[in-house]
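Report on one structure; see the data block that follows.
We count residues from 1, following the sequence as given.
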Amino acid sequence: MLERILYHDHCFDGAASAAFFSRFIAGAVHPDAEFRYTGMAHKASQMFAPSLFDGDENAIVDFKYSSDPRLTWWFDHHQSAFLNAEDAEHFRRDTSGRKLYNPNYKSCTAFICDVARDRFGFRAPDLEDLVKWSLIIDGAQYPDAQAAVELGAPAMKLTLVIEAAKGSDIVQRVIGWMQHRGLNDIIAEPEIQALFEPLYRRHRESIDIIKGCARQMNGVVFFDLTGHEMEGYNKFIPYYLFPASTYTVSVSPSSFRTKISVGSNPWAPEEPRHNLATICERYGGGGHARVGAISYEPGELEKARGVAAEIVEELKR
């Protein structure tokens with residue numbers, strides 16, 4: 001019994017969702033299941049190749065919906081969960097009870113946990129800490145920007161590795177460990193420590209890089225990471241550096257896309273007024289009300305800069 005799980009790659013909640021879903025399937029549905037994982041990334045020309053669904057059952061967690069008839073399970077909590085109106089309608093017509101969506105959840109892991117308990121009677125008390133940290137990390141429930149940036153907790157250290165590690169192999173090993181081990185044990189793994197130390201140094205350097213190229217205008221922080229070879233950064237750094245800001249807009253080129261990130265300050269002196277997922281959807285992106293992103297093809301830098309400038313103007317107080 002092969003269970004193929006497509007998950008949001010390089011994301012703590014994506015990995016935790018895959019881990020909790022695996023425990024649920026093994027514990028309540030298919031005790032003999034063999035699990036294989038595929039990391040998914042948001043791209044400009046997003047689609048699901050038919051070859052992705054090669055399991056006896058196929059699942060997507062913490063990622064967009066697919067209308068492929070071979071999809072068995074789906075869990076997501078993003079406002080922008082559907083690639084198009086046809087997929088949304090396909091989901092509404094589904095009667096399997098195994099394709100579930102609730103954008104009110106701050107983490108997909110918590111959503112899976114509650115559905116597994118309430119509908120299937122499955123509980124995994126040893127994974128309570130994993131669920132708790134998925135809510136803190138994906139829901140930005142830190143007490144302050146300092147806690148979010150200084151990475152004191154094991155879950156925060158592991159998030160740095162998950163988000164910044166090259167390829168999907170280490171993330172998928174972490175998914176396996178998350179199913180039965182605590183976050184303290186995982187971060188202590190020599191392989192994880194060997195990755196964490198240089199990544200943490202780079203994280204500290206990224207604070208200086210962003211400080212050097214960011215500017216704040218009427219409550220909006222903007223920066224362009226072109227030329228700095230940074231495929232990602234801790235999204236709370238701008239609020240650590242500019243605590244009075246309300247929004248952040250950034251441009252960051254990478255090997256597989258040109259990304260515009262749009263975020264809001266969880267500790268802003270005034271409540272953000274804009275739904276960022278809705279703004280990003282206008283340009284082909286999406287996300288949550290408080291954080292979103294838009295992906296263009298590699299090399300479409302000028303297009304991304306133009307769109308970012310439009311969003312900055314819209315977000316200014």
Residue pair His288, His78: steps toward the side chain to side chain contact (heavy atoms under 4.5 Å, CB included) verdict: CA-CA 6 Å; His288 298 289; His78 295 88; 3.1 Å; yes
Nearest 0.5 Å please: distance from the [atom1] atom of [X] over to the [atom2] atom of [Y].
{"X": "Tyr283", "Y": "Ser295", "atom1": "OH", "atom2": "OG", "answer": "15.5 Å"}
{"X": "Lys303", "Y": "Ile294", "atom1": "NZ", "atom2": "CD1", "answer": "10.0 Å"}
{"X": "Met178", "Y": "Gln172", "atom1": "CE", "atom2": "CD", "answer": "12.5 Å"}
{"X": "Leu183", "Y": "Lys132", "atom1": "CG", "atom2": "NZ", "answer": "9.0 Å"}
{"X": "Leu199", "Y": "Phe196", "atom1": "CG", "atom2": "CZ", "answer": "8.5 Å"}
{"X": "Leu195", "Y": "Leu160", "atom1": "CG", "atom2": "CG", "answer": "9.5 Å"}

With a 4.5 Å cut-off on side-chain heavy atoms, are [Y] and [X] touching?
{"X": "Ser245", "Y": "Val220", "answer": "no"}
{"X": "Gln179", "Y": "Phe20", "answer": "no"}
{"X": "Ile60", "Y": "Phe53", "answer": "yes"}
{"X": "Ser17", "Y": "Phe75", "answer": "no"}
{"X": "Lys235", "Y": "Thr248", "answer": "no"}
{"X": "Cys113", "Y": "Phe111", "answer": "no"}
{"X": "Met40", "Y": "Asp62", "answer": "no"}
{"X": "Val221", "Y": "Val249", "answer": "no"}

Distance-only, no hydrogens or angles: does the [X] side chain make a donor-acceptor pair with backbone N or O of [Y] under 3.5 Å?
{"X": "Glu197", "Y": "Ala194", "value": "no"}
{"X": "Asn234", "Y": "Ala148", "value": "yes"}
{"X": "His228", "Y": "Ser206", "value": "no"}
{"X": "Asn58", "Y": "Gly55", "value": "yes"}
{"X": "Asp56", "Y": "Leu2", "value": "yes"}

Between [X] and [Y], what is the shortest heavy-atom contact and its length?
{"X": "Leu315", "Y": "Ile279", "answer": "CD2-CD1, 3.8 Å"}
{"X": "Asp13", "Y": "Ser134", "answer": "OD1-CB, 3.7 Å"}
{"X": "Gly39", "Y": "Ser168", "answer": "CA-OG, 4.5 Å"}
{"X": "Phe223", "Y": "Pro238", "answer": "CE2-CG, 3.7 Å"}
{"X": "Ile5", "Y": "Ser22", "answer": "CD1-OG, 3.3 Å"}
{"X": "Ala18", "Y": "Tyr7", "answer": "CB-CB, 4.0 Å"}

Without hydrogens or angle criteria, can the side chains of [X] and [Y] be said to hold a donor-acceptor pair below 3.5 Å?
{"X": "Ser96", "Y": "Asp94", "value": "yes"}
{"X": "Ser250", "Y": "Tyr233", "value": "yes"}
{"X": "His77", "Y": "Asp138", "value": "yes"}
{"X": "Asp114", "Y": "Tyr105", "value": "yes"}
{"X": "Arg98", "Y": "Thr72", "value": "no"}
{"X": "Trp73", "Y": "Glu57", "value": "yes"}
{"X": "Glu281", "Y": "Ser80", "value": "yes"}
{"X": "Gln79", "Y": "Thr278", "value": "yes"}
{"X": "Thr246", "Y": "Asn265", "value": "no"}

Side chain to side chain donor-acceptor pair (under 3.5 Å) between Thr226 and Asp224, worked out: CA-CA 6 Å; Thr226 302; Asp224 185 337; 2.5 Å; yes
Side chain to side chain contact (heavy atoms under 4.5 Å, CB included) evaluation trace for Ile210 with Leu225: CA-CA 8 Å; Ile210 292 172; Leu225 294 175; 4.3 Å; yes
Could you check whether the rings of [X] and [Y] sit parallel, tilted or perpendicular, using 30° and 60° as the cut-offs?
{"X": "Phe63", "Y": "His8", "result": "tilted"}
{"X": "His274", "Y": "Tyr247", "result": "perpendicular"}
{"X": "Phe35", "Y": "Tyr37", "result": "parallel"}

Val307 reachable from Val291 in the ILVMFWY side-chain graph, under 4.5 Å edges: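 No; Val307 is not reachable from Val291 via cluster members.
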Linked, directly or transitively: Met1 and Ile25 (ILVMFWY side chains, under 4.5 Å):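 In one cluster: no.
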Pair listing, salt bridge (Lys or Arg N to Asp or Glu O under 4.0 Å) test, anchored in residues 140-165, at least two apart: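 Every pair satisfying salt bridge (Lys or Arg N to Asp or Glu O under 4.0 Å) with a residue in residues 140-165: there are none.
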Derivation and outcome, salt bridge (charged side-chain N to carboxylate O under 4.0 Å, His left out), residues Glu271 and Arg290: CA-CA 10 Å; Glu271 187 70 17; Arg290 298 292 297 267; 3.5 Å; yes
Near-ring test Trp74/Tyr101, centroid separation under 6.0 angstrom: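 Yes, ring centres under 6.0 Å apart.
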Ring center gap for Phe236 and Trp267 short of 6.0 angstrom: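 Here the rings of Trp267 and Phe236 have centres that are less than 6.0 Å from each other.
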Heavy atoms from other residues, nucleotides or ligands near NZ of Lys99 exceed 12 (cutoff 6.0 Å):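 More than 12 heavy atoms, drawn from other residues, nucleotides or ligands, come within 6.0 Å of this atom.
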Cationic N near anionic O, under 4.0 Å, Asp76 to Lys64: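 No, this pair does not count.
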CA sep, side-chain torsions, deciding dist, call: Glu191, Arg173, salt bridge (charged side-chain N to carboxylate O under 4.0 Å, His left out): CA-CA 10 Å; Glu191 184 177 12; Arg173 283 197 286 280; 2.4 Å; yes
Derivation and outcome, salt bridge (charged side-chain N to carboxylate O under 4.0 Å, His left out), residues Arg23 and Asp126: CA-CA 11 Å; Arg23 274 287 299 272; Asp126 57 311; 2.9 Å; yes
Verdict with supporting geometry, Val251 and Phe222, side chain to side chain contact (heavy atoms under 4.5 Å, CB included): CA-CA 8 Å; Val251 174; Phe222 172 77; 4.1 Å; yes
CA sep, side-chain torsions, deciding dist, call: Arg305, Glu310, side chain to side chain contact (heavy atoms under 4.5 Å, CB included): CA-CA 9 Å; Arg305 285 170 170 161; Glu310 291 179 12; over 6 Å; no
Test log, rule salt bridge (charged side-chain N to carboxylate O under 4.0 Å, His left out), inputs Arg36 and Glu34: CA-CA 7 Å; Arg36 295 180 189 170; Glu34 173 192 354; 3.0 Å; yes
